[in-house]
Amino acid sequence: MAGRFDPAVADVRWQRRWDDERCFVADTASAKPKSYVLEMFPYPSGRIHMGHVRNYTMGDVLARYRRMQGFEVLHPMGWDAFGMPAENAAMERGVHPEGWTRGNIAAMRDQLKRLGFALDWSREVATCDPEYYGHEQALFLDLYEAGLVYRKESEVNWDPVDRTVLANEQVIDGKGWRSGATVERRKLSQWFLKITDFADELLDGLEALDQWPEKVKLMQENWIGRSDGLRFRFRTDAAGAQRDYPWVEAALAAAPEIEVFTTRPDTIFGASFVAVAPDHPLAQAVASQNPDAADFIAQCKAVGTSEEAIESQEKSGFATGLEAIHPLDPDWRLEVWIANFVLMEYGSGAIFGVPAHDQRDHEFATKYDLPIRRVVASPTQDKDTPIGETAEPGEGVLVNSRFLDGLSVEEAKDAVIRRAEQEGWGKREIAYRLRDWGVSRQRYWGTPIPMIHCDRCGPVAVPREQLPVVLPQDVTFDIPGNPLDRAMEWRQASCPKCGGEALRETDTFDTFVDSSWYFIRFASQPSDRPFDKADAEAWLPVDQYIGGVEHAILHLLYARFWTRALKRIGRLDIDEPFKGLFTQGMVTHETFRAPDGRWLSPDEVRKEGGKLVAADGAPVSRGRVEKMSKSRRNTVDPEPIVAKYGADAVRWFMLSDSPPERDLEWSEAGIEGAARFVQRVWKLASTEASGEGADEALERKLHRTIAGVGEAIEGLQFNKAVAFLYELTSAIEKAPPSATRAEAIVTLVRLAAPMAPHLAEECWAKLGQQGLVVGADWPSFDPAKLVEDEVTLAVQVNGKLRDTLKAPRGLDRAEAEALALASDKVQRQLAGASPRKVIVVPDRLVNIVA
RNA sequence: GCGGACGUGGCGGAACGGUAGACGCUGGGGACUUAAAAUCCUCUUCCCGUGAGGGAGUGCGGGUUCAAAUCCCGCCGUCCGCACCA
């Protein structure tokens, strides 16, 4: 009896060997074709979790597979090391964010190494390295000089207790996620990157990304939210008797014209009112003179920003006493309202309402008894068909619309836009949902924004030779707010322009800036500049990028933007950073709850008499299978699992069963099964009795497996690759000794190498093969050996399967038909009737239609 | 509300329009063992039948086709993204 494969010994042995031989160091100068495989780098939270293991295992299989195929592979790893958890740890435990982060990186690096990933650690970067963020500051200044950066006042979520800006995701039900304080809307001066300049490019670029999931492309498309329409002006006037009201005067002075944006210029004769956003200048002017208006606006702002709050909120408005003059009819006047459903950030912050064909306008008009005028009619309607309880946003033919009558919606849109442009009161415009990217964060643990504020010169860029602007170490976290604000020694600087006393910018970058170019730095890392153009272009774009779908919009959009911005300024000639994208599913686990509703971790639950009970004997209810999370207490720490079963079993399980894009449920039984497979392969390799002669059936199986595994890995269908290897393993186990069998075992080891590399190396050595299996060639297959000489013909009568027959391959139609008709079962079904028609699919099926 | 994905045994899932359920897990039976673990063999969609065999079956209802899990139409359900975007 051969011994068992002992991962505790083997894993370390081969990891050391790969390291010693620098197996995974990528050579940019190599003449081989290049392949860049990348997984989204982790935030160093302290320990890796199963999601990381799954993500990195997939990338690793691909990287190792490509290497065996003869590619020079770049497969790097680093750390998205800035961010709030480090500061929270500093506040809660009094540790410095840097020390905390560095410690976490060291621990997680060890954990990753223990899993035997084929990573080029020589290129490791952490975004908190001054070298890394210094180059990032330089890139930012490049963009600044190119006019792609600007400073603007903008509204932010302000936590008054923690005295910091919160991201939208950190505002829960209107309260700060840490402090629980009610979040205020506050205006702050922030740095913005002009991502909207690239809106069209980013949208059009999606088309070429044929190796991206449609879902992600669609999400980005919606996020960018392009809509074509017309921007035009209404002249304003006072409504008859109200000319002398002070707020009307103020409003007319502030807004002699109101600009609106519409995607439905065709409905211009259906207009029944004009509405502006509460923070529109006109609304503000009215409010300055009219306390009721001011109250109304304050009410609008008081409503939470949560989705539910917005959804349940009733449409409401405030009549300003102004009127807007219809651009196509000077005698036609529309009431001007301030309305709570108009957004200042979109379009021009003002709309004209068409209640007949827009649901929001319909609700508003109904409430305030404004006219509802049909201007589009479907084929079953005419110009007098009344509008019902809801608006009719659909297609049709224009009615009640003067010169537009009879035109289709599309034709009418065009006609109105042309007329507006001719007459000079409006022009065609494209509006985007996408906003410019605000990158300022009032946080310590991030990349300092390389700017200096001078009272005389305004904001001035830090001179290049002074980069990097390094974070000061000596800061305190005992008081809420940004510690950089209090680091007076660090803040003081002389103005690069006038030489006078000035203060540094104390905001740091959104961490998404850090992750917007790390894949470029991986490809090329000179010390004197962010990257070398030629070296970076040798690797980029990333051939396969793998990560969670939660980054479908922000990170992936920012990285695409950054890459295009670098192209525009001539730094890198790459359009799209990620040629192939794959978003893997989550790792889930069942959940358990105590009678009082508390979540219980799996090790607090045991089985007793077929029932689940807690440690104290209380009955436990089984919850849903959910994503592993601390709050649900259903996490499984990979480290003890790896220690118990070995890296390969864990890797194998991560690839088994579930298709990679779907969720994978962690289970004890599953990992046991994976560990069993590892031993089966080891047993084959370690007990192989050499045999003589060929085994044709096994040989065909072998070639089909080579083809199948290759195709599955190429398509990132790892679960199928796994299934193929199970089949081959069973076939070899059952086969009698032969030369073919011996060869099949060697091939099996190569096929399994990307997934279970330690096992493969151990087997490879045991089988007396030369070198390391990581450097071995991927097996090739002979297409001629993929087919069987004998096929199984399915025989159907009227489309129902009645028999299966063994037949030699390549029967012609007549032969196949004759064979099928000779079947007893077929004859019984036919019961003497003669077939009306016979369909033959060669070597597969005969269908007899009676 | 808008957009999208998905729905197959006890479970995860396979299946160029052509033998539904590969492979794995679980469970049943058996072998080996003093015993257990490990390992191996074997069965495992459902219904009728001792059996040979027959019938049903891929969320539901229609349709196209010699043939539909797969294509088309209409429902139902689950999940995800966006959300007062003019």
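Everything quoted here is computed from the prediction, not taken from an experiment. Chain naming here is simple, since letters A, B, ... match the order of the sequence lines and numbering starts at 1 in each.
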[X] side chain: which of [options] is closest?
X: A:Arg802; options: B:rA86, B:rA20, B:rG55; answer: B:rG55
X: A:Phe341; options: B:rC84, B:rG18, B:rA86; answer: B:rC84
X: A:Lys734; options: B:rG24, B:rC41, B:rC25; answer: B:rC41
X: A:Lys800; options: B:rA86, B:rA56, B:rC23; answer: B:rA56

Indicate, with a heavy-atom threshold strictly under 4.0 Å, whether [X] touches base, sugar-phosphate, or nothing.
X: A:Leu218; answer: sugar-phosphate
X: A:Thr792; answer: base
X: A:Gly673; answer: sugar-phosphate

Quiz item: Between A:Glu727 and A:Arg704, is there a salt bridge with N-O shorter than 4.0 Å?
Solution: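 No salt bridge links A:Arg704 with A:Glu727.
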
Practice problem: May I ask you to evaluate whether A:Thr263 reaches the phosphate of B:rC85, defined as a side-chain N or O under 4.0 Å from OP1 or OP2? | Solution: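 Answer no for this pair, as no side-chain N or O of A:Thr263 is under 4.0 Å from OP1 or OP2.
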
Exercise. Would you check if A:Arg560 and A:Leu209 make a side-chain contact, meaning some heavy-atom pair closer than 4.5 Å?
Key: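 Answer yes - side chains close enough.
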
Self-check item: Mate of B:rA52 where both pairing distances stay under 3.5 Å, Watson-Crick or G-U
Solution: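 Across all strands, not a single nucleotide pairs with B:rA52.
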
Self-check item: Residue among A:Phe318, A:Tyr368, A:Phe273 satisfying ring pair (Phe, Tyr, Trp, His ring centres under 6.0 Å) with A:Trp337
Solution: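 It is A:Tyr368, the one option of A:Phe318, A:Tyr368, A:Phe273 that forms the ring pair (Phe, Tyr, Trp, His ring centres under 6.0 Å) with A:Trp337.
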
Self-check item: Pairs satisfying salt bridge (Lys or Arg N to Asp or Glu O under 4.0 Å), at least one member in residues 264-274 of chain A, at least two apart
Solution: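 Matches after skipping sequence neighbours: A:Arg264-A:Asp266.
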
Quiz item: Taking the nucleotide of RNA chain B with the closest heavy atom to each, which residue, A:Glu733 or A:Glu661, is nearer the 5' end?
Solution: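 Per heavy-atom nearest nucleotide, the more 5' residue is A:Glu661.
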
Quiz item: RNA chain B: A:Ser667 or A:Leu793, which has the more 5' nearest nucleotide?
Solution: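 Per heavy-atom nearest nucleotide, the more 5' residue is A:Leu793.
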
Quiz item: How far does the P atom of B:rA69 sit from the matching atom of B:rG18, given to the nearest Å?
Solution: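 Here B:rA69 and B:rG18 have their P atoms 10 Å from each other.
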
